[in-house]
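One structure is given below, encoded as structure tokens.
These numbers come from the heavy atoms of this one structure, side chains and all, not from hydrogens, waters or symmetry mates. Whatever order the structure lists them in is the order used to number ligands and atoms, beginning at 1. Small disclaimer: the values here were computed from a predicted structure and weren't measured.
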Amino acid sequence: MIHVDPKLTDEEFLRLFEKGINSQWGSDQIDWGLTQSLPESKKLALGKLLTPVYLGEQTAMLGVSAVLPMVLTSGQTEPALYLSSMGLDEARHFRNLHKLYRVLNVDPLPSRRLPEMWRYHARLLQKREPVPWVFGILISDLFAKTFYGGFAQRFPNTVVGRLSGRTLQDEARHQAFSDRYLNRMLPTMDVAAKKELLVLRDDLFRIMEKLGERLRGAMEELDWSPEAFLAELWDDTERWVKRLGLVSLTEA
Ligand SMILES: [Fe+2]
Ligand SMILES: [Fe+2]
């Protein structure tokens, strides 16, 4: 149920919402001309490697728009306010990558070459409850963060690095939201429902391992490897799992 005049007392989410509003930015803040130092071979590899991130931004748009009504109709107005700003962030990320492909003059991989990308998308969008949604969105934000972080580090003074660095600031805010929301909600869940979150994590990682294999050639072109990528992402995810108190469940 939604209220005409809700109380809006949850300062943590309200602060995050204000931050979300004040941190909005447009594509005019990126120097799209910074492509000179990118050799053609790296551009082609980037085109391939960005493919799952590109779809992931649209998955994130779908994720936010699916979870928002669940949260709002359960009377959690403050998190719903924040999610509205997050939807705009994901739309911007998608739009920017669309533009980046045109600026670099390369193409994403055809869908049939990355079937796992669709499997990941489908697994994430299976859920009907807000907590698994937010947990899935968190893992996907960490996935995006690992990619954007790697691009920012490898191509610092190019359009790719600048765009990645700017996008990472949005992703950090999304993680702050997941942190708060999950910390609030997890204590209300039973052990079986919490274990389901770890099943979701394991399923997503299994899919990402296969995805990594398909992208190995493009990663090697950028002095990267699926193993290094997944190890970094796994460590990051494990830190969150521990922090959220989900770790003891694996031993239970
Ligand atoms: Fe994003
Ligand atoms: Fe995100």
Side-chain angles (χ1 to χ4, degrees), residues 13 15-27 29-30 46-47 49-68 70-71 79-101 108 114 117-118 120-121 123-125 127 130-153 155 159-183 197 200-201 204-205 207-208 211 229 232-233 236-237 239-240 243-244:
F13 284 111
R15 266 199 305 277
L16 209 53
F17 173 54
E18 290 302 325
K19 217 171 167 183
I21 296 175
N22 293 325
S23 311
Q24 290 303 316
W25 54 283
S27 60
Q29 289 192 25
I30 299 295
L46 276 164
L49 215 45
L50 277 166
T51 312
V53 189
Y54 191 29
L55 178 72
E57 298 297 2
Q58 288 185 79
T59 309
M61 286 168 69
L62 284 171
V64 169
S65 55
V67 79
L68 177 58
M70 298 178 204
V71 170
L81 281 174
Y82 176 73
L83 280 164
S84 305
S85 78
M86 185 163 156
L88 183 54
D89 293 343
E90 305 299 9
R92 172 173 51 249
H93 300 167
F94 164 65
R95 168 77 176 101
N96 283 340
L97 289 182
H98 185 271
K99 186 165 173 148
L100 183 65
Y101 272 110
L114 283 182
M117 173 175 85
W118 294 101
Y120 184 97
H121 176 95
R123 179 67 178 94
L124 208 61
L125 302 187
K127 297 290 168 185
V131 172
W133 269 110
V134 174
F135 187 70
I137 291 173
L138 169 65
I139 294 181
S140 302
D141 276 334
L142 298 175
F143 175 77
K145 177 191 156 197
T146 312
F147 265 115
Y148 286 123
F151 295 141
Q153 190 195 336
F155 306 104
V159 60
V160 177
R162 299 273 175 92
L163 181 61
S164 298
R166 197 70 184 78
T167 306
L168 278 170
Q169 294 177 22
D170 292 345
E171 297 300 349
R173 223 166 41 243
H174 301 172
Q175 288 160 46
F177 168 77
S178 303
D179 183 36
R180 274 163 209 167
Y181 192 76
L182 294 171
N183 265 313
L197 299 179
L200 172 63
R201 173 201 60 182
L204 293 178
F205 267 85
I207 299 171
M208 284 191 275
L211 192 63
F229 178 91
E232 185 182 337
L233 181 57
D236 220 0
T237 308
R239 258 195 301 279
W240 278 93
R243 195 181 155 140
L244 295 168

Is E57 close enough to the Fe ion (ligand 2) that one of its N, O or S atoms comes in under 2.8 Å? no
Which atom, among the N/O/S set of E171, is closest to the Fe ion (ligand 2)? OE1
Using side-chain heavy atoms (C-beta onward) and a distance below 4.5 Å, is W240 in contact with Q175? yes
Restricting to N/O/S, name the atom of E90 that gets closest to the Fe ion (ligand 1). OE1
Side chains of E171 and H93 only: does a donor on one sit below 3.5 Å from an acceptor on the other? yes
Within this structure, what is the OG1-CZ distance for the pair T167 and R92, rounded to the nearest 0.5 Å? 8.0 Å
Student check: side-chain heavy atoms of L50 and P108 closer than 4.5 Å: no
Do any N/O/S atoms of D89 come under 2.8 Å of the Fe ion (ligand 1)? no
Supply the atom-to-atom distance F205 CZ to T237 OG1, rounded to the nearest 0.5 angstrom. 3.5 Å
Partner of Y82 under ring pair (Phe, Tyr, Trp, His ring centres under 6.0 Å), chosen from F177, F13, Y181, F17: F177
The Fe ion (ligand 2) to nearest N/O/S of D141 below 2.8 Å: yes
N/O/S atom of H93 under 2.8 Å from the Fe ion (ligand 2), yes or no? no
Is any N, O or S atom of D170 under 2.8 Å away from the Fe ion (ligand 2)? no
Which atom name would you report as the N, O or S atom of H174 nearest the Fe ion (ligand 2)? ND1
